[in-house]
K.L.:
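The structure's right below; bear with me while I get my questions together.
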Amino acid sequence: MNESQHKSLDFIRQRVADDVANGKNDGRVQTRFPPEPNGYLHIGHAKSICLNFGLAEEFGGKCNLRFDDTNPEKEDNEFVDAIREDIRWLGFEWDAEYFASDYFEKLYIWAIELIQRGKAYVCDQTIEEVREYRGGWDKPGKNSPYRERTVEENLDLFSRMKNGEFKDGEKTLRAKIDMNSDNMNLRDPAMYRIRHAAHHRTGDQWCIYPNYDWAHGQSDSIEGITHSVCTLEFEQHRPLYDWYIGQLEVHHPQQIEFAKLVISNTMMSKRKLTELVAGGFVEGWDDPRMPTISGFRRRGFTPESIRNFAKRVGITKHNSTTDIAVMNLCIREHLNRIAPRVTGVLDPLKVVIENYPEDEFEMRMTGVNPEDENAGTREVPFGRELYIERSDFMEEAPKKFFRLTVGGEVRLRNAFFLKCNEVIKDKQGEIVELRCTYDPETSGGKAPDGRKVKGTIHWISAAHAIDAEVRLYDVMFENEDPSDVPEGKDWKDLINPKALVVMQNAKVEPLLNEAGTGDSFQFVRNGYFCIDSKDSRPGKLVLNRTVTLKDAWSKQQKKGGSPK
RNA sequence: UGCCCGAUGGUGUAAUGGCAACACAUCUGGUUUUGGUCCAGACAUUCUAGGUUCGAGUCCUAGUCGGGUAACCA
């Protein structure tokens, strides 16, 4: 009221700020993150997590974790554990942990209350009949023939539903609202259905389970949630949310909807992700190609980068698609600051320096991270036989190729100028070795005679390098919108076959043997890589490429026609 | 076909009735022992038409376009 400084809040934060300022809920802010434990969390959930936990943090409030476990057939404890782990990894801790199933008893009692007040009834219609009676957008609905059962009959029937006297699908409990409502959700929605199925927490205790609408708002209310944030598709559920809570006359949280996250070249549908896992199209939920939090973690993304990403995409009410490049930007930005530089040669080509003595080595000094003065320096061995990147040599090079060519000279990073004299090929014509000479006068990286080289390439001593398997990851779908499937094709046909490329013969520095699971490095000029948390072990290293470096050269190559 | 929601550059967001701002992407140039990083520059009259107002991206009306929505899923 007295302050005129506006901090550019998104519409939800603005609303919460207003509520706090107006003393609504006594200025209290309580949010919740409510996943259904039927799969692993993905990057879209991360957006919601950052919002809900962020709101609590920023307004001095609290955020609960609540598992929305009202559908026993799909849910499992494996998912409960994975969800907890992912939220903590992202850097958030919930105030209290609940399950919708904690409230089954309370919900049951409330349902009886609604029956007693004539606001709910037991219905015997089949799914097909319900659909038919509901009508359509243009057609009014018709009342169910069971709508006017007496309170006594409803009470008796509902209690027998609970006691297991009926089979699945035989009866439902429905709210008695308005079969002519413009909002389909208000045409006598189901509150309970019969499912003789074991629930991951309540076992066989119940055979009737509350539907989402009947469970969610009441759970929010019980927990004293002030702001119940969800995605846009629940917008037309809000009147029902409000109706139930209004009938019960209990604490009334405010539901607010925002647009869910869509990222280009990325499949975000939980159902389809489940299909990828079940069908063996990926290794599992944490396959580094997956947009799951565990997939990103295994791929080498940091919690900071994901939180930063969530901040960048913002919170609005209109559907938009965020370019996958923004994700890459966020992780590069973070790793550039913290990742130690090492040499990794993905596709090695042997170089023999003919004027360097055999069996002799010298140590070369190299910086650990130019972006971090405190990172220090270390030494790497240099000798007669090296490996360089195969793509750093070309026999017939285009004019802007600043790397090694026959007769050409480049700088070996942190070492000497190198000139290629001869190319050795095998019978198939494949280049197997380069015979080169180095200039010992160029130790500082510059030539005393002032001659210049355009390029600097990375290298590793053949005698010291160790082998590693390196997995190169790319977008999982080549189409920007993988849900836009061409006629006659299945969405799984759109999976990018190059989303995973395995380099079996990479050469890396021995110090990687001492690295811990998940540790991140920059392979100079190649990108950011991490030690794979599942398959890597000392002596049998497996590294994942988290993201490439920005690469102006390959971009230019693609643009100006292919070199080869 | 009804109802609900939305619309600002190639993309994502900001501007709270008062000079359309930031970032990504793209393109130029500079620095550089990573074709990385960093630095500098280029890139829009806010879907359309009316209205209110001294003044509208913002408020009102109508239209256009886009999305959501008719599970005993969440």
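So you know, we letter chains A, B, ... as the sequences are listed, proteins then strands, and number each from 1.
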K.L.:
B:U28 and B:U64: how far apart are their P atoms, nearest whole angstrom?
P.N.:
43 Å
K.L.:
My understanding is that only residues two or more places apart in sequence, or in another chain, count here; which of them pass side chain to side chain donor-acceptor pair (under 3.5 Å) with A:N374?
P.N.:
none
K.L.:
Which residues in residues 307-319 of chain A have a heavy atom closer than 4.0 Å to any atom of RNA chain B?
P.N.:
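Here the set is A:R312, A:V313, A:T316, A:K317, A:H318, A:N319.
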K.L.:
For nucleotides B:U58 and B:G51, find the distance between their P atoms and express it as a whole number of Å.
P.N.:
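Per the computed distance, 14 Å lies between those P atoms.
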K.L.:
Classify every nucleotide of nucleotides 69-74 of chain B by which part a protein heavy atom approaches to under 4.0 Å, writing B for the base, S for the sugar-phosphate alone and - for neither, in 5'-to-3' order.
P.N.:
BBSBSB
K.L.:
Counting C-beta onward and ignoring hydrogens, is there a side-chain heavy-atom pair between A:K47 and A:L51 closer than 4.5 Å?
P.N.:
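No, their side chains stay 4.5 Å or more apart.
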K.L.:
So, do A:V380 and A:R378 sit near enough that their side-chain heavy atoms are less than 4.5 Å apart?
P.N.:
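A:V380 reaches A:R378 side chain to side chain.
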K.L.:
Assign the ring pair A:F99 / A:H200 to parallel, tilted or perpendicular, where the plane angle (0 to 90°) is split at 30° and 60°.
P.N.:
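Tilted: the ring planes of A:F99 and A:H200 meet at 30° to 60°.
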K.L.:
I'd like to check the salt bridge (Lys or Arg N to Asp or Glu O under 4.0 Å) partners of A:R364; sequence neighbours left out, ordered by chain and number.
P.N.:
A:E362
K.L.:
Using the C1' atom in both, what is the distance from B:U8 to B:A14, to the nearest Å?
P.N.:
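Those two atoms are separated by 10 Å.
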K.L.:
Taking side chain as C-beta onward, heavy atoms only, is A:L173 less than 4.5 Å from A:L114?
P.N.:
no
K.L.:
Could you measure between the two C1' atoms, the one in B:G10 and the one in B:U1, and give it in whole Å?
P.N.:
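One C1' to the other, the span is 36 Å.
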K.L.:
Inspect the surroundings of NZ in A:K176 and state if more than 12 heavy atoms from other residues, nucleotides or ligands are less than 6.0 Å away.
P.N.:
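More than 12 heavy atoms, drawn from other residues, nucleotides or ligands, come within 6.0 Å of this atom.
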K.L.:
Take A:F301 and A:F309, measure what ring pair (Phe, Tyr, Trp, His ring centres under 6.0 Å) needs, and give me the verdict at the end.
P.N.:
CA-CA 11 Å; A:F301 277 68; A:F309 174 75; 8.9 Å; no
K.L.:
With P as the reference atom in both, quote the distance from B:C38 to B:A44 in angstrom, rounded to an integer.
P.N.:
24 Å
K.L.:
Can you tell me how far P in B:C47 sits from the matching atom in B:G9, rounded to whole Å?
P.N.:
7 Å
K.L.:
Determine, using ring centers only, whether A:F104 and A:Y209 are less than 6.0 Å apart.
P.N.:
yes
K.L.:
Can you tell me, in whole Å, how much space there is between the P of B:A25 and that of B:G6?
P.N.:
31 Å
K.L.:
Any side-chain N or O of A:T321 under 4.0 Å from OP1/OP2 of B:G12?
P.N.:
no
K.L.:
CD of A:E480 versus C1' of B:U11: gap in Å, rounded?
P.N.:
9 Å
K.L.:
In this structure, how many angstroms lie between the P atom of B:G68 and the CZ atom of A:R238, rounded?
P.N.:
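For the pair A:R238 CZ and B:G68 P, the rounded distance is 18 Å.
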K.L.:
Atom CZ of A:R187 to atom C1' of B:C3: distance rounded to whole Å?
P.N.:
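So the two atoms are 10 Å apart, to the nearest Å.
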K.L.:
Find out whether A:E371 and A:R341 are in side-chain contact, i.e. whether some heavy atom of one side chain is under 4.5 Å from a heavy atom of the other.
P.N.:
yes
K.L.:
Just by protein heavy atoms under 4.0 Å, how would nucleotides 32-39 of chain B read 5' to 3' in B, S and -?
P.N.:
-BBBBS--
K.L.:
Can you list the stems that RNA chain B is part of, where a stem is at least 3 pairs in a row, each Watson-Crick or G-U, with both distances below 3.5 Å?
P.N.:
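When the pairs of RNA chain B are grouped into runs of at least three, the stems are B:2-7 with B:64-69, B:10-13 with B:21-24, B:26-30 with B:38-42, B:47-51 with B:59-63.
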K.L.:
Side chains of A:H334 and A:N308, heavy atoms from C-beta outward: is any pair under 4.5 Å?
P.N.:
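A side-chain contact is absent here, since even the closest heavy-atom pair is not under 4.5 Å.
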K.L.:
Measuring centre to centre across the rings, with the benzene-like ring taken for any Trp, is A:F234 within less than 6.0 Å of A:Y212?
P.N.:
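Centroid separation for A:F234 and A:Y212: below 6.0 Å.
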K.L.:
Does the distance from a Lys or Arg side-chain N to an Asp or Glu carboxylate O, for A:E409 and A:R451, drop under 4.0 Å?
P.N.:
yes
K.L.:
Around A:K272, counting heavy atoms of other residues, nucleotides and ligands shown, do more than 12 lie under 6.0 Å from its NZ?
P.N.:
yes
K.L.:
Expressed in angstrom and rounded to an integer, what is the separation of A:L9 atom CG from B:U13 atom C1'?
P.N.:
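For the pair A:L9 CG and B:U13 C1', the rounded distance is 14 Å.
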K.L.:
If you measure from the C1' atom in B:A74 to the same atom in B:G35, how many Å do you get, rounded?
P.N.:
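Their C1' atoms lie roughly 48 Å apart.
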